[in-house]
Each structure stands twice: as structure tokens, then as C-alpha cells.
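In what follows, a structure is listed as C-alpha cells, so that the remarks can point back to it.
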Amino acid sequence: MGIKGLAKLLSDEAPDCIREVELKSLHGRKIAIDASMAIYQFLIAVRSGGPNQQATMLTNAEGETTSHIQGMFNRTIRYMTEGIRPVFVFDGKPPDVKSHELIKRREKREKAQAALAVASEEGNVEEQDKQSKRLVRAGTKENEDCRKLLTLMGVPVVTAPCEAEAQAAALCKAGLVYATGTEDMDALTFATPILVRKLTFANASKSMVQTMNYNKVIEGLAISHDQFVDLCIMLGCDYCDTIRGVGPKTALKLIREHGNIEKVIETIDRKKFVVPESWVPNEKKLDAQSDDDDEEGVESPSKEENNGIVDTEELIPAYVQARKLFNEHEVLNDIELKWKPCQAEDLQKFLVDDMGFNVDRVKNNIEKLQAAYKANSKPQTRMDSFFAVKANPNAAKSAAKRKADAAKAKAAVSKKKTKKH
DNA sequence: CTCGTCC
DNA sequence: TCGTCTGTCACAAGACGAG
DNA sequence: TGTGACCGACGAA
């Protein structure tokens, strides 16, 4: 998931869009969070068993995994006590074009499965660990568990018709939440006004989070929204391939110079930069003639399969389809988000009876949750004015760098201005 | 702060 | 030569609190 | 899965 190298490119080229702020500055905010991503992280990270023995998921009496419940429960309570009101957004059906990507992932899973079997045979604990983590997936069961947990906690849950990031961005655009909380830079491509990263509690004391501002992205890169989407596609997204030989620097330069992908393809030297076939479906025969290298170590018996999948949409360039997914993604519109008091009794039953949690801990945490809910539903005094916002340390770094690169920067700036005005 | 525990 | 891209590798992805 | 560090390849200056 995500846009390859976008975070780095932004910190280099548009540092003003990034800010490091204290967690406290989000007090009183509503934030949309990609649930599937969080669940995945919990499944991987929340394990038991010290060094020298096989790490194992937390489980209830029936042997069902409870790691995700543990993680989700703790984190949600923490959000609430920090005065943050989370809404968790679940993935719906992945778009068709993503199937290439999904097939690749399945193949990798199967490989890991085999490797795990071998490692078990050999009793290689470390290898078992590694491979079993590769097999982790947030399945239906885990999603349902978390939906139930969150509902009992009184936290709103939204199931997206398609991609969660797109839905979260839509909530943010509609003003229903302040920001999208995710590590996935896709959210920016979906034009979420604010993106919050590192919304986690690794260092409990001085927890800083990173915010990215969509308008400042556009401003800083000095390109339009449509150009930004094209840029993201060229950097590399889940929906299609990229032009070989074009990295972040070149992609930005080309988009600034030519305005869109069509013009870029027309203009660039196609021998030097290999445009994927799927981007120019009408030119297949021409491309086949080029004596370019196709033996890149990785064999691709999947080529025929890929052709079979696209079929009816074969004549639409892949980047056009990707564009459409970013700009017209299917989302739910009339949503009401309500944070309710938790259903203490049922919640305790669920956690203790079904999931095997410790009664006292659960009671304790439910009290915390209730206290936090109470505090949150009081009239809000936003803490903005009390906590100054610190500029992104990277900004200073790249500012210094820009001084050093003054000559180069000047050229870029003058280009910006001519483009913009 | 590090380390062990949560289930 | 310098910048840029690509491949490869290693590594880490939670939260909490007792001591 | 993805991200960063490192490195060799390659084209531009």
C-alpha cells in the first residue's frame, strides 16, 4: 500500500506541509483511522514468548487469537484518554485493478508458508518466527472481532464500500473528522485535508505525531491536484506499474514540465524510459519489437495470466484507471458519527468470558474508558493555544540544504512561479 | 529506562 | 564526476507497568 | 509489507 517514496519526496520538496506536533495538540479532535492496518500491526507485534522460544499470539481458551483485541482495546482507550475521538474505518472490496497486486501477495504468502514448513521441520525457531509473521493477515474473523469490540466501547465504526483510505479522506473532506490517521500516504492522494502519522504511543512520555497538510502539499510542490495524482501514479501506487527509470526526482520534474502523464509519455525518450505496456494498450505490437532486456532475474510466467484479467478494460490505459480510482473512489456519503457511552456489562462479558481477559484489568480499563468518555463529552476547550506547534525538524534540515543548493533551488523556484501564475 | 507480560 | 535509479539486505512493525 | 542504508550501473553535465 501507499505511494512509493512520497513521504521522502515531500520532506525534500515541500517541507512546509509536514509538522511535528505534540499528541496533546490533537485534544478534542475526531480522527478517522484505518482499522485493517491497525489490526494487521497488532497481529504482528502483540506476541508472547521471550527470546529463544517461538513467539506466539495471545489466545483465549479456545485457542483463538486475541492479540488484535488486546491492541485495539488498549489503543482506543488511550486515544479516548488523550481526548481524541477515533472512528475506525474498515476496508470493503478491493478495486478490480488491484487484483494484480493481490495475486502477487498471495504468491508470496504461499512461499512463506512453504518456508515455514521447512523451518518447523528443522526446528529453526528464528526462521519460523520470520515466516509466520509474513503469513499474518487481518482476516474476516479479526475484523469482525474488532467491529464488535469497538461497538461495545461506543466507538463509531464505518465500513467502506471499497478502500478505507478513500472513505477516511471523504469523512475528512466532509468535515466529519479533523484528520485521517494512517501511515499510508494514499490518503493524501485521496486528498484528505490532514493526515496524521505516527499516531501511536511508542514513547509514552513525549509522544509527538506528524501531520501533513494537503493544501500545503499542493502549494509546496506548486502543482495542481490532478498533477499531484499523476505524480503519485508515477511514483508507484497499488493500482498500476510505473515507468522504468523514472524515480521521484524525475517524476516531479516531468509533471511540472509537461503537466500530465499523457504529455510525459508523448515527450520522453521511450527507449530510455520503458513505459509499461498497460499504459499504452494500443501500441502492443510496436513495443514487442524493442530489443530491450526482459531477463531481469525474475521470471514472469504470470504475464499471460495478467492479460487474462484485464480483458474488457484492456483498452483503457492503466494510469487512467488509477487516476479514476483516486478521484472518484466509491465512498459512503451521509454518515453520522456518534460516540456513545460504552456498554460496560456486555463489554466486560465479551472480553472476560469470550476472550479470556483478566477481570480486574478489564474493569479497570472500562472505568478509564468511561472517565475519558465523560471528559470528552464535556464542552470542549481545545488545547491549541496552550501548546505551541513545533516545526518539523526535517524542515530545518532541508532549509539548510536548500541554502547550500541555492543555485539549484532558485531555478526550481522560478519554474514554480512561471507555472503557477 | 529496560524488560517481561498481556491471553 | 555527479545525480539518480535499481536491487539487496536487515529490520521492525503495541501498550503497559513493575522494578 | 515497507522503509532505510548501502551499492553498482548508467546517463547527463
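Every chain is numbered from 1, with letters handed out A, B, ... down the list of sequences.
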Q | Complementary nucleotide of B/dG4, counting Watson-Crick and G-U pairs under 3.5 Å | A | C/dC16
Q. With both distances under 3.5 Å as the test, what is the Watson-Crick or G-U wobble partner of D/dA9?
A.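 Base-paired to C/dT4.
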Q | Whether over 12 other heavy atoms sit under 6.0 Å from A/Lys173 NZ | A | yes
Q: Please say whether more than 12 non-hydrogen atoms of neighbouring residues, nucleotides or ligands are located less than 6.0 Å from NZ in A/Lys141.
A: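 Yes.
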Which ones in [range] lie close to DNA chain B, meaning a heavy atom under 4.0 Å from one of its atoms?
{"range": "residues 356-372 of chain A", "value": "A/Gly356, A/Phe357, A/Asn358, A/Arg361"}
{"range": "residues 343-354 of chain A", "value": "none"}
{"range": "residues 64-71 of chain A", "value": "A/Thr66, A/Gln70"}

Q: Determine, using ring centers only, whether A/Phe73 and A/Phe350 are less than 6.0 Å apart.
A: no
Assess, by modelled atom type and distance only, whether the side chains of [X] and [Y] contain a donor and an acceptor separated by less than 3.5 Å.
{"X": "A/Tyr40", "Y": "A/His68", "answer": "no"}
{"X": "A/Thr159", "Y": "A/Arg147", "answer": "yes"}
{"X": "A/Thr66", "Y": "A/Asn60", "answer": "no"}

Q | Gap in Å between the two C1' atoms, one belonging to C/dA15 and one to D/dT1, rounded | A | 22 Å
Among [options], which nucleotide sits nearest the side chain of [X]?
{"X": "A/Lys272", "options": "C/dG14, C/dC5, D/dG11", "result": "D/dG11"}
{"X": "A/Lys249", "options": "B/dC7, C/dT4, C/dG14", "result": "C/dT4"}
{"X": "A/Asn60", "options": "C/dC16, B/dC7, C/dG14", "result": "B/dC7"}
{"X": "A/Pro248", "options": "C/dC5, C/dC16, B/dC6", "result": "C/dC5"}
{"X": "A/Thr250", "options": "C/dC16, C/dA15, C/dT4", "result": "C/dT4"}
{"X": "A/Tyr40", "options": "C/dC16, D/dT1, C/dC5", "result": "D/dT1"}

Q | Qualifying residue, where the test is side-chain hydrogen bond (donor to acceptor under 3.5 Å, both in side chains) with A/Thr192 and the options are A/Asp186, A/Thr180, A/Thr182, A/Asn213 | A |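 Among A/Asp186, A/Thr180, A/Thr182, A/Asn213, the one meeting side-chain hydrogen bond (donor to acceptor under 3.5 Å, both in side chains) with A/Thr192 is A/Thr180.
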Q.
Among A/Arg323, A/Lys263, A/His258, A/His225, exactly one meets side-chain hydrogen bond (donor to acceptor under 3.5 Å, both in side chains) together with A/Asp230. Which residue is that?
A.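 Among A/Arg323, A/Lys263, A/His258, A/His225, the one meeting side-chain hydrogen bond (donor to acceptor under 3.5 Å, both in side chains) with A/Asp230 is A/Arg323.
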Q: Would you please confirm or rule out a distance under 4.0 Å between OP1 or OP2 of C/dA15 and any side-chain N or O of A/Arg78?
A: no
Q) Parallel, tilted or perpendicular: which describes the rings of A/Tyr79 and A/Phe88, with under 30° parallel and over 60° perpendicular? A) tilted
Q. Is NZ or CZ of A/Arg75 both nearer than 6.0 Å to the six-membered ring centre of A/Phe201 and within 45° of the ring axis?
A.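 Cation-pi check for A/Arg75 and A/Phe201: fails.
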**Q.** Charged N-O contact under 4.0 Å between A/Glu82 and A/Arg78
**A.** yes
